[in-house]
Amino acid sequence: MSKNNPQAIRGTQDIFGADAEAFACVVETFERVRKLYRFRRVEMPVFEKTEVFSRAIGETTDVVSKEMYSFEDRGGESLTLRPEFTAGIARAYLTNGWQQHAPLKVATHGPLLRYERPQKGRYRQFHQIDAEIIGAAEPQTDVELLAMADQIIRELGITGVTLHLNTLGDADSREAWRAALVEHFRAVKDELSKESQERLEKNPLRILDSKDPRDRKFVGTAPKIDFFLSDEAKAFFKAVTSGLDAAGVEWVRAESLVRGLDYYRHTAFEFIPDEGSEAAGKLGSQSTILGGGRYDGLMESLGGTPTPAVGWAAGIERLAMLVGDKAEEPVEIAVIPISEVGNLRAIEVAQDLRNSRFSAEIFARGNMKKRLARADQAGAMAAIIIGEDEIASGQLQFKHLGTGEQSTLTLDEASERAWELRLDRDVEKFDSHMDTLEDAVNSLGDED
RNA sequence: GCGAUCGUAGCUCAGUUGGUUAGAGCGCCGGUUUGUGGUACCGGAGGUCGGGGGUUCGAGACCCCUCGAUCGCCCCA
């Protein structure tokens, strides 16, 4: 922190310890669940030609107009560090002829970069998990995609978060609605907030979720999208909502949810913490945890043939803030050489244990007291102690750190004891898990 | 990009209206019969008080600039 130590770039983070465990937990859960829904893994470049993003996302959006990390490479070409996944995946779909795999379900995760003012839950380099279904126009596609999002959030143990759902209709519906909104707000332009007066030109849909009371006054009476929806668009939305009900995904209608990027059509959604919930408190002023929608127009704006698609992305950091502390796994077996003479034997024993799939660590710093204390602190089930006597006899001291009981064993016997201890521990874990489940069920009964 | 608050040992913080060698807890290292743990006790290392400049006889405390974090706006994951 002091002196001449180099500082990290603003808005970047060095994630470590419990935070890193929570981060990994999110990624692991995502990887596990995405396989249940049979999304295929893809790896994408972290940068693209600038036009990939500017054409896909829209020149006038904040992301493109002021948040991109763009630079010229040595060949004079304008490149941009990815601010999102969707545009790059769409580009890959076109350049690699992935039409042959349509409907294509893909998933990925990794870092994104946006030049923004950092805050809690908001960074210049942040990380997302991302899922897309390309080449499928059916509303069931949206349902499956959302069901997966819902399951990931549930399996992470996150509560107090609800799916907010809206439809923007097809291109014509959206245009007609937009025109009506502009007309509605232009009539009262002078009474709107300064921001919304600007939005009127750039992004009128955004006025709908303004928090300014001056704007809110006119939002209630603003024209509703439902009035402009074509019959097809209505039927599409109805199919999505009834599909979500069938899948058991809870949702609420959010008529003013519009999403910032130009490419959205039909379904638009965000998972948002309920007001006043614990989750909302943990996120600071950030609200959206996961967001996305249908982007049927995107492929065309990149020069491809019209291709329907839906997708979402979720902030790993934001999800990690909600999963609670994840402790690092304790070590199973501590290997303790008593003095330098035990060092080599300790290495042999530790390797043998690791080859048998036990986590093992050698504790060889400080005196005997410190070594055992450290082993204990690391959560070891048992310590294997190796001194001169043991090297002479070819046996080991095996100390159970729970009971303190210690015995002289061969390596094979020690390994066998380790298996028993692991089994005991797992059974115990299972029991306590069952107890908490039972308590939860009982308290549910009390409430009703 | 705009507005506000904050920045003291690895971590969490205390430092009276500016006054002498900047403190605590935890952590770390060593020790309390040199082959044995989670407790207790003793000792030690570690800070030019985010950085730079200024006011003053004197600044961690006051002023300016800068960097960073946090909060609100904008926007978003």
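Residue numbers begin at 1 in each chain, while the letters A, B, ... track the order of the sequences.
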field: Crowding at CG, A:Leu344 (>12 non-hydrogen neighbours, <6.0 Å)
entry: no
- request: Please tell me which of the listed nucleotides, B:G35, B:U70, B:G37, lies nearest to the side chain of A:Lys120?
  value: B:U70
- prompt: Which nucleotide, in any strand shown, forms a Watson-Crick or G-U wobble pair with B:G60, with both distances under 3.5 Å?
  reply: none
- request: Check every atom of B:G30, B:G1, B:C75 against the side chain of A:Asp62 and return the nucleotide holding the closest atom.
  value: B:C75
- prompt: Is there a donor N/O on one and an acceptor N/O on the other, under 3.5 Å, for the side chain of A:Gln397 and the base of B:U36?
  reply: no
query: Below 3.5 Å, does any donor atom in the side chain of A:Glu116 face an acceptor in the base of B:G1, or the other way round?
result: no
message: Measuring only the C1' atom in each nucleotide, how far is B:G10 from B:G3? A whole number of Å is fine.
response: 34 Å
- request: Using whole Å, report how far CG of A:Leu205 lies from P of B:C74.
  value: 16 Å
- request: Please determine, for the side chain of A:Arg10, which listed nucleotide (B:U70, B:C75, B:A69) has the closest atom?
  value: B:A69
- request: Choose from B:G35, B:C76, B:A77 the nucleotide whose nearest atom is closest to any side-chain atom of A:Thr288.
  value: B:A77
- prompt: Which part of the nucleic acid, if any, lies within contact of A:Glu198, taking any heavy atom under 4.0 Å across all strands shown: a base, the sugar-phosphate backbone alone, or nothing?
  reply: nothing
- request: Could you give the distance separating B:G58 and B:G50 at their C1' atoms, to the nearest angstrom?
  value: 23 Å
query: Roughly, in whole Å, what's the span from NE2 in A:His127 to P in B:A77?
result: 16 Å
- request: Measure from the side-chain heavy atoms of A:Ile385 and tell me the nearest of B:G35, B:U70, B:C28.
  value: B:G35
message: Taking 4.0 Å as the cut-off, does a side-chain nitrogen or oxygen of A:Asn367 come that near to OP1 or OP2 on B:G35?
response: no
message: From C-beta outward on A:Arg114, which listed nucleotide comes closest to its side chain: B:G31, B:C76, B:G72?
response: B:C76
message: Can you see whether A:Tyr115 has A:Arg124 sitting over its ring - NZ or CZ less than 6.0 Å from the centre and within 45° of the normal?
response: yes
field: A:Glu428 atom CD: more than 12 heavy-atom contacts under 6.0 Å
entry: no
message: Between B:U17 and B:G43, how many Å separate the two P atoms, rounded to a whole number?
response: 33 Å
task: Check whether the side chain of A:Arg318 and the base of B:C76 form a donor-acceptor pair under 3.5 Å.
output: yes
- prompt: Distance-only, no hydrogens or angles: does the A:Glu48 side chain make a donor-acceptor pair with backbone N or O of A:Arg82 under 3.5 Å?
  reply: no
field: Separation of the C1' atoms in B:G68 and B:A22, to the nearest angstrom
entry: 24 Å
- line: Regarding the side chain of A:Leu401, the nearest nucleotide among B:C29, B:G37, B:C75 is B:G37
query: Given B:C75, B:A69, B:C76, which nucleotide is nearest the side-chain atoms of A:Ser287?
result: B:C76
field: Side chain of A:Arg117 (C-beta onward), nearest among B:C71, B:G35, B:A77
entry: B:C71
